[in-house]
Trainee: 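One structure, pasted below without further comment.
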Amino acid sequence: MFQSQTKSTPRASTFPLTCTHVFRHLILRPFYLCEACYGSSMCITLSFTSKPGLRASNGSLQVPISMLATARAQVIASPKIPAAFPGMTKQCLSDMDLGVHEVVRKQSWPDNLASDVGISRRPRFDPMFIDEAYDKCRTICAEYAKTFYLGTLLMTKERQKAIWAIYVWCRRTDELVDGPNAEYMSSAVLERWEERLEDIFEGRPYDMLDAALSDTVFSFPLDIKPFRDMIEGMRMDTRKSRYKSFQELYLYCYYVAGTVGLMSVPVMGIAPESSVSAHTVYNAALYLGIGNQLTNILRDVGEDASRGRVYLPQDELEQFGLSDKDVFSRKVTDAWREFMKEQIMRARFFFNLAEEGASQLDKDSRWPVWSSLILYRKILDAIEENDYDNLTKRAYVGRTKKLLSLPLAYTRALPEPGLSLR
């Protein structure tokens, strides 16, 4: 699946991990997939060219033992993350407000999937057609979310295909607002996109990529609400460029990123031996999406400001004697640094909440989740390393750190009792 040009590594030094297992043709405009324009929570790029170590071919991933040893050391040595964030429960919307309880119920086996009505609506695709549809989704995921894609290689074949289909739909949805054709965005476009979503869930896909998702929703117990909510997040993005409080920002983060977690849990699966409730796992998946989006916001403050957007709580800016004027001035002051420290602490808090659920997923599905957790935490580290200058600099994680994060994520995904994760 991967075309790797890495240097060969002696067989004795490798540990084999064998796999068992989001343009336009909407209304009048074609869709395009442009990495430079894509900034959602799932876009984590990684190049393997001319780098020794990781190799992938014929469904088998080779990870050097030395990298696993380094990863294990990082797991044990990683600092503790705050277990609580002052005032957080007052600032967030409740699960009831977001309808998470209902989503969990509808996405639980066998309530959703195995009804006679559902079976009668299931589309009958030609096997070669649907295989090609999933392969297109795989290609897009591998091109634009390399690290995430690599993590999916340990998942079962059916789960891989479903996750790729969900990723592509989310990417296409995001590009309606942030893609190269965003200038053509209108309420009519989003309305038509939502109609297409309903058709997907009714077994009437519009194009090949829609067909992959349509096949997925009839293979896994997926509820339409998180998908509709993501479209609502795109509507919010066209209407709002300021957020008065964190509660408002939290709702936006839920719509555009927390929903991805809710979509993914039924596909990734909860481990049979899980010691927590399904609702706890769903909440953790939601929190990972929230943390990722908050990190995107902190990384892109300067870039968003150039478009006249400030995705920061206005009341919290005011508490530190700051305002939009300070954001647009692009001057990093002591007050800005202190403000950023609080915002970074909040994002880390959500990642801390997400850890519990990541360890409760099916063992074959944990690696991509841990990869996301680790890489996004490193973006926060990079902001700190830039002396909190996210006004003129864009924090990023270098290639070497990304490579090292993969075996670290794999090590954390292993169900080893006694291994410290914090």
Side-chain angles (χ1 to χ4, degrees), residues 22 33 38-45 93 95 98-100 103-104 106-107 137 140-141 144-145 147-149 151-152 155 159-179 193-194 197 200-201 209 212-213 216-217 220-237 249-270 281-297 347 350-351 353-355 357-358 361 365-376 379:
V22 218
L33 293 169
Y38 180 61
S40 84
S41 63
M42 288 189 292
C43 185
I44 309 172
T45 59
L93 297 170
D95 296 341
L98 298 176
V100 175
V103 171
V104 175
K106 289 184 177 180
Q107 294 190 162
C137 292
I140 293 169
C141 188
Y144 296 100
T147 305
F148 178 80
Y149 169 77
T152 66
M155 298 170 69
R159 284 174 174 168
Q160 284 178 0
K161 295 190 299 184
I163 285 295
W164 298 336
I166 291 172
Y167 167 81
V168 168
W169 184 87
C170 291
R171 181 178 178 84
R172 297 174 84 184
T173 302
D174 181 79
E175 289 216 335
L176 292 174
V177 174
D178 288 335
W193 190 245
E194 189 161 4
L197 173 66
I200 288 170
F201 273 76
L209 296 178
L213 183 59
T216 292
V217 303
F220 293 89
L222 290 164
D223 183 45
I224 197 172
K225 184 183 184 301
F227 295 83
R228 283 178 174 152
D229 284 350
M230 177 171 277
I231 296 174
E232 185 60 30
M234 301 304 114
R235 290 193 179 98
M236 182 180 289
D237 228 358
L249 185 62
Y250 182 90
L251 181 60
Y252 170 73
C253 291
Y254 160 75
Y255 279 143
V256 301
T259 50
V260 180
L262 301 185
M263 298 172 195
S264 302
V265 172
V267 174
M268 292 186 164
I270 299 174
V281 178
Y282 272 88
N283 270 344
L286 187 158
Y287 294 145
L288 176 57
I290 298 292
N292 284 350
Q293 188 61 27
L294 289 174
T295 301
N296 285 337
I297 288 170
F350 279 104
F351 290 141
L353 293 178
E355 280 196 5
L361 293 172
S365 302
R366 295 172 189 167
W367 197 15
V369 177
W370 276 107
S371 295
S372 179
L373 262 168
I374 292 169
L375 285 172
Y376 270 76
I379 293 174

Trainee: List the steps, then state whether side-chain contact (heavy atoms from CB on, under 4.5 Å) holds for Trp370 with Glu355.
Mentor: CA-CA 8 Å; Trp370 276 107; Glu355 280 196 5; 3.7 Å; yes
Trainee: Specify the closest pair of heavy atoms between Pro368 and Met155, including all atoms of both residues, with the distance to one decimal.
Mentor: CG-SD, 4.2 Å
Trainee: Are any non-hydrogen side-chain atoms of Tyr376 and Asn296 less than 4.5 angstrom apart?
Mentor: yes
Trainee: Mind listing the closest non-hydrogen atom pair of Ala165 and Cys137 along with its distance?
Mentor: CA-SG, 3.9 Å
Trainee: Is the shortest side-chain heavy-atom distance between Ile297 and Leu249 below 4.5 Å?
Mentor: yes
Trainee: Considering all heavy atoms of both residues, which atom of Val260 and which atom of Val256 are nearest to each other, and what is their separation?
Mentor: CG2-O, 4.3 Å
Trainee: So, does Ser365 use its side chain to make a donor-acceptor pair with the main chain of Leu361 at under 3.5 Å?
Mentor: no
Trainee: Check Cys141 against Trp164 and note the closest heavy-atom contact, atom names and distance.
Mentor: SG-CD1, 3.8 Å
Trainee: For a side-chain contact (heavy atoms from CB on, under 4.5 Å) check, start with the C-alpha distance between Arg366 and Met268, then their side-chain angles and the critical distance, and finish with the verdict.
Mentor: CA-CA 8 Å; Arg366 295 172 189 167; Met268 292 186 164; over 6 Å; no
Trainee: First locate atom CG of Leu288, then atom CG of Asn283, and finally report the distance between them rounded to the nearest 0.5 Å.
Mentor: 12.5 Å
Trainee: Taking only residues two or more places apart in sequence, or in another chain, which ones meet Tyr255 in a side chain to side chain donor-acceptor pair (under 3.5 Å)?
Mentor: none
Trainee: With a 4.5 Å limit on heavy-atom distance, are the side chains of Val265 and Ile270 in contact?
Mentor: yes
Trainee: Restricting to non-hydrogen atoms, name the atom on Phe220 and the atom on Pro266 that form the minimum distance, rounded to 0.1 Å.
Mentor: CD2-O, 3.6 Å
Trainee: Can you confirm if the aromatic rings of Tyr149 and Tyr144 lie within a centre distance of less than 6.0 Å?
Mentor: no
Trainee: Is the shortest side-chain heavy-atom distance between Ile140 and Leu209 below 4.5 Å?
Mentor: yes
Trainee: So do the side chains of Phe351 and Asn292 get within less than 4.5 Å of each other, counting heavy atoms only?
Mentor: yes
Trainee: With a 4.5 Å limit on heavy-atom distance, are the side chains of Trp169 and Ile166 in contact?
Mentor: no
Trainee: Determine whether a donor-acceptor pair (N or O, by modelled atom type, separation under 3.5 Å) exists between the side chain of Gln107 and the backbone of Leu222.
Mentor: no
Trainee: Donor-acceptor pair, distance only, cut-off 3.5 Å: does the side chain of Ser372 make one with the backbone of Val369?
Mentor: no
Trainee: Please tell me whether Tyr254 and Gln293 have a donor and an acceptor in their side chains that are separated by less than 3.5 angstrom.
Mentor: no
Trainee: Angle class for the Tyr287/Phe350 ring planes (parallel below 30°, perpendicular above 60°, tilted otherwise)?
Mentor: tilted
Trainee: What residues, two or more places apart in sequence or in another chain, satisfy side chain to side chain donor-acceptor pair (under 3.5 Å) together with Glu194?
Mentor: Arg235
Trainee: For residues Thr152 and Tyr167, determine if any side-chain heavy atom of one lies less than 4.5 Å from a side-chain heavy atom of the other.
Mentor: no
Trainee: Between Asp223 and Phe227, what is the shortest heavy-atom contact and its length?
Mentor: O-CD1, 3.4 Å
Trainee: Considering only heavy atoms from C-beta outward, does the side chain of Leu251 approach that of Met236 to under 4.5 Å?
Mentor: yes
